[in-house]
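One structure is given below, encoded as C-alpha cells.
Each chain gets a letter, A, B and so on, in the order its sequence line appears, and its residues count up from 1. Scope of the values below: all heavy atoms of this structure, side chains included, with no hydrogens, waters or symmetry mates.
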Amino acid sequence: MSQDILIKKGLSINIKGVAQKEVKKIPLSKFYGHNLDDFHLLIPKLEVGIGDYVKRGQPLFYSKLNEAIKFVSNVSGYVKDIVRGERRKILNIIIERDKKDSVQKNNIPSLPRLDSAVIIKSLLSSGCWPFIKQRPFDIIADPTRTPKSIFISCFDSAPLPVDYSFILNDRLDHFKYGLSILKKLASGNLFLGLNSSQKLLESELEDYNINFFNGPHPSGNVGVQIHHIDPINSGDIVWVLNPEDVVIIGEFFKTGEFNPTRTLAVSGPPVKSPKYFRLTIGAQLHSVLSNVELVEDAELRYINGNVLTGKTVSSNGFLGFYNNNLSVLKEGNNYKLFGWIPFINNKVPSIYKTSFSWLSNGKPKDYDTNLNGEERAFVATGEMENVFPMDIYPMQLIKECLIGDIEKMEKLGIYEVSPEDFGLIDYSSSSKIEAQTIIREGLDYLYKETQ
Amino acid sequence: MNIRSIVDNLKKPFEKGEKLEKFYPAFDAFETFLFVPNHTAKKGAHIRDAIDLKRVMITVIIALLPALFYGIYNTGYQYLVQTNDSFTTLDAILHGSYKIVPMIAVSYIVGLSIEFLFAIWRGHQVNEGYLVTGLLIPMIMPVDIPLWMVGISVAFAVIIGKEAFGGTGMNILNPALTARAFAFFAYPTYMSGNQVWVSEASNVDGVSGETILGMLAAGNSPEQFGVLEMFVGSIPGSIAETSTLMVLIGAFILIYTGIGSWRIMLGGVIGAAITGLLFNFWGANALMSFDWQNHLIVGGFAFGIVFMATDPVSAAQTIKGKWIYGILVGILCILIRVFNPAYPEGVMLAILLMNVFAPTIDHYVVEANVKRRENRLKTQLKTAR
C-alpha cells in the first residue's frame, strides 16, 4: 500500500553548481584512506600493521564492541600508514594501491538458500555491514538486534542534490538484487522513499513497498520518511541505507566480491562544469580534484557530504565512506560593511524577506561559508518549527539535550531524530545555534547512559 | 587606508592577552555594528542564512518608525491645539521632537550602559535586544514624564526585568512593559489621570487631556473624537500608541519580512473583537457599550499586540501556543478595560500577565505532543500482542 506524502515545512536551498548528469572516468587514486571519523562511536581494533599486504575485501579492523563487524580494505595494496591522533586514537588507515587488484573471494549461496542468519553473517564478514545504519542514534546497526523495518530514501532533497535515479540507472540489477537480500532481514518490512518525478525508478521497483514524498528539503531525509510511515517508538530499531550502498551489497551477493564503487557528484558554486565521477570509496581527493576545474584565487572548502550535514575535508584528504557528493564552497572569511542592515548585502539569501534576495528565488545562488552574524541566545521562536516537518518540538528537544535530561529527551522524541534532520535548523537559525552538534551530543549521551 | 584596516588597528589592544582584553565585548559590539564579522561556520551546516539578531532587531526598529514619527507629530499637535494659536506641521514636529528625542536619548544611554557593563562583567557579547527595548520604552510613556523617571524605569527593566534572569533570551517579562509597569506603579500621578497625556497640559488652563479610555472609565463619552481620528491617531495618549494606522504599517513590515508572529497579532485581534462584541450585548457601563471595533483602535491595544505581545522571548514559543497566547492577550485586555476602571488601559497588564503564563501554555502544548507519542507506543504494543 503506497502512500503519497506532501512535506510542507522545510526549505529547498537552490545553490549554483548542481552536477550535470554525466559520469567522467578518471585514473585511479594511488592512495586510499579508511577514515574512522565516518563511523560514529566506533572503537576500532586493528587486524593489520604498517607494511602488511591486503587484498580488496580483506579486513583491516573490527569493532571492539562486536568483533563480527569487519571493516575491509577498499583496494588491494600495502598498508602505507596508520594515522593516529591524541592518545593514539586511530584516525585513518591508508592503503597504497597496487596494480594487481587481488580480491578476497567469498562463496555465496543462491538467493532461495539465503536466510537472514546467512545474510547477516555474509554482510558482517564482507565489509558490507557498516553500510547499514540504525535509528535511533544514527550509528552502524547492531547485528544482534532485529529491526522492525528497513528504510531507503531513493532521492536527495538537500542543497546540491545527488540524482540517485541517474546513479542507479546503469546498476539497477545489482540494486534490485540488494533489495531482495535486504527484504529478508526485516520480515519483509522494506520501505523505499521516492519522489514523484522518479518515473523510471518507480516502474522498475513496483515489486517493492514504495512511498512517495514531495515537497521541500528534508523530504528526502530518511528520518522524515520513517516518521511519516512507521515512526520509531521507544525500543524500536530501524535500519537505513543509502541507495548506492544497496548496489554494493547486491553486487557482493551476486559476485562474492566486495567492490565499493562510488558515483561521486562534485558540485558547488566554485566548480566549473560540475559532474559525476565513478571511483572507489576512500579515494584521495587529489585524484578527483585534479580532474575538476575550480575557480581561481579563492579559498575553498571541501565537504564530504552535502553543505548542510557534511564534514570538512582538506584537499589532500580522502573521500568519505557514506557520501555520494563532494561539495565545494568558497570560504566566506571576509567582513561585510553594515552587512546586517536589511536590504544591504542582498547577495546573501535569506528565508526572511529582509533583503531583496527573494526576488530571484527561482535562480540558483552563490553561497559561501560565512556565518552571517554571531552566535546569540535563543531569541526568535517558531523558526525551527518552520523547517522541521516532524511532529516533534525541535527547540524544546534541543534545550533538553543541552540540559541532558534523558527522560524528557525520550518524551520529546529523541529516538526519531538524527543530526542531519537538524541541518536546516543550523542554516536558518538567527541566533546561529549549532543544532546538529547539540543533537549529536544528546544522542551520544543517551547512548552512553542507556545502552 | 580603508575602514577595515583602521578597525583592525584599533582592535589590537582589546585582543587576548592585551591590556584592554576585559573590554573586548564592548569593542566587539562596535566592530560588529560596522561589519558583519568574518566568522565562518565551523561546526554543523556549512552555509548560513543572512538573518542574524542584529537584522531581526533593526527590522523591528524600522517597523516602529512610522508610529514614532507620527507620535512626535501628534505630541506637538495635541499641545498646539490646546494653545489655540495657529501652527504648522513643522511646529508640531519641532515641539514633539523637543519633548521626545531627549527621552529616547536617556533610554538608550542608560539602557545600553547597563547592557555594556553586564556584557563586560559576564565576558559575553553585547546582545542586540536592547536596541528595540530602548526605543519602545519612550514610545509607550506619557509625554510629560520627567526624564529621570525614564532613566530609573529603564534601569529597573534592564537590571531586574532582564539581566537578573540571565540576560537576553532568558527574561520572562517583556522588558519595555516592565519599565512601563514600574513607572505606572511607582509614579502613578505621572502615569494616569487627565494631566499627563498631552504635552504640558497641566500648564494650559482649562484643558482636559484625558485619553478616550480614561473618559470612558470616568463615565464620560468621548464624543469630540470620531472613528477616523481614533484610527489615524490624533488623540491624546502615550507617545506612539495612538495611531492605529501607523501601527498597521509596522505590522505589515513585521509580517511581510517574517520577523513578527502574525499568529499572535491575529489571535489578539480575534480575542479582543469577540470579547468586545460580547460586552456590547451586555452593555452595563460606558466601556462595555463602547463599540467593539473602536476597542481595537483606541488606547495601546494595537501597539501592544503588534510590538509588545510578539516579543518572541516573553511570548509563547510553540506555534500552537502563539495562537492561544494571542487570543488570551486580546480577551484579557478588554476584560481589564471593562471591569477595572482604575486601569482603563488593559493591554499592558494583559500582556504582562500572559508573559507569565506563556511557559504554562507551551508546557501544555508540548505535553499534548508527548501524549501523542505515548499513545502511539501503546497502540503499537497492543497490536503486537
Verdict with reasoning, K353(A) to I259(B), per side chain to side chain contact (heavy atoms under 4.5 Å, CB included): CA-CA 9 Å; K353(A) 288 183 185 163; I259(B) 300 288; over 6 Å; no
W340(A)-F35(B) aromatic ring centre distance below 6.0 Å: no
Engaged part of V56(B) at the chain A interface, taking heavy atoms whose separation is under 4.5 Å: side chain
Contact origin within I438(A) toward chain B - heavy atom pairs under 4.5 Å: neither
Region of A316(B) in contact with chain A, defined by heavy-atom distances below 4.5 Å: backbone
Within 6.0 angstrom of Y364(B) OH, more than 12 heavy atoms from elsewhere: no
Audit row: E385(A), K320(B), side chain to side chain contact (heavy atoms under 4.5 Å, CB included) steps and yes/no: CA-CA 11 Å; E385(A) 278 182 67; K320(B) 270 182 206 156; over 6 Å; no
Which atoms of V365(B) approach chain A - backbone, side chain, both or neither, heavy atom under 4.5 Å: both
Residue part contacting chain A, namely of D28(B), when any heavy atom lies under 4.5 Å: side chain
Pair H46(B)-T312(A), side chain to side chain contact (heavy atoms under 4.5 Å, CB included): steps then yes or no: CA-CA 9 Å; H46(B) 299 269; T312(A) 308; 3.1 Å; yes
I351(A) side, atom CD1; D49(B) side, atom CG - distance, nearest 0.5 Å: 5.0 Å
Heavy-atom proximity to chain B below 4.5 Å, by part of I425(A): neither
Portion of M384(A) that has a non-hydrogen atom of chain B nearer than 4.5 angstrom: neither
Presence of salt bridge, E416(A) and R376(B), under 4.0 angstrom: yes
Toward chain A, the part of I62(B) with a non-hydrogen atom under 4.5 Å: side chain
Side chain to side chain contact (heavy atoms under 4.5 Å, CB included) evaluation trace for R376(A) with N127(B): CA-CA 7 Å; R376(A) 289 288 184 266; N127(B) 270 303; 2.7 Å; yes
Salt bridge present between D391(A) and R372(B) (N-O < 4.0 angstrom): yes
Side chain, backbone, both or neither of K371(B) within contact of chain A (heavy atoms, under 4.5 Å): neither
Heavy-atom neighbours of F30(B) CZ exceed 12 at 6.0 Å: no
L381(B) side, atom CG; N233(A) side, atom CG - distance, nearest 0.5 Å: 7.5 Å
L11(A), part contacting chain B, at a heavy-atom distance under 4.5 Å: neither
K42(B)/E434(A) salt bridge by N-O under 4.0 Å criterion: no
Heavy-atom closest contact (P342(A) atom, T59(B) atom, distance): CG-OG1, 3.6 Å
Spatial distance of atom NE2 (H39(B)) from atom NZ (K432(A)) [nearest 0.5 Å]: 12.0 Å
K311(A), part contacting chain B, at a heavy-atom distance under 4.5 Å: backbone
From I341(A) atom CD1 to R55(B) atom CZ, the distance as rounded to the nearest 0.5 Å: 9.5 Å
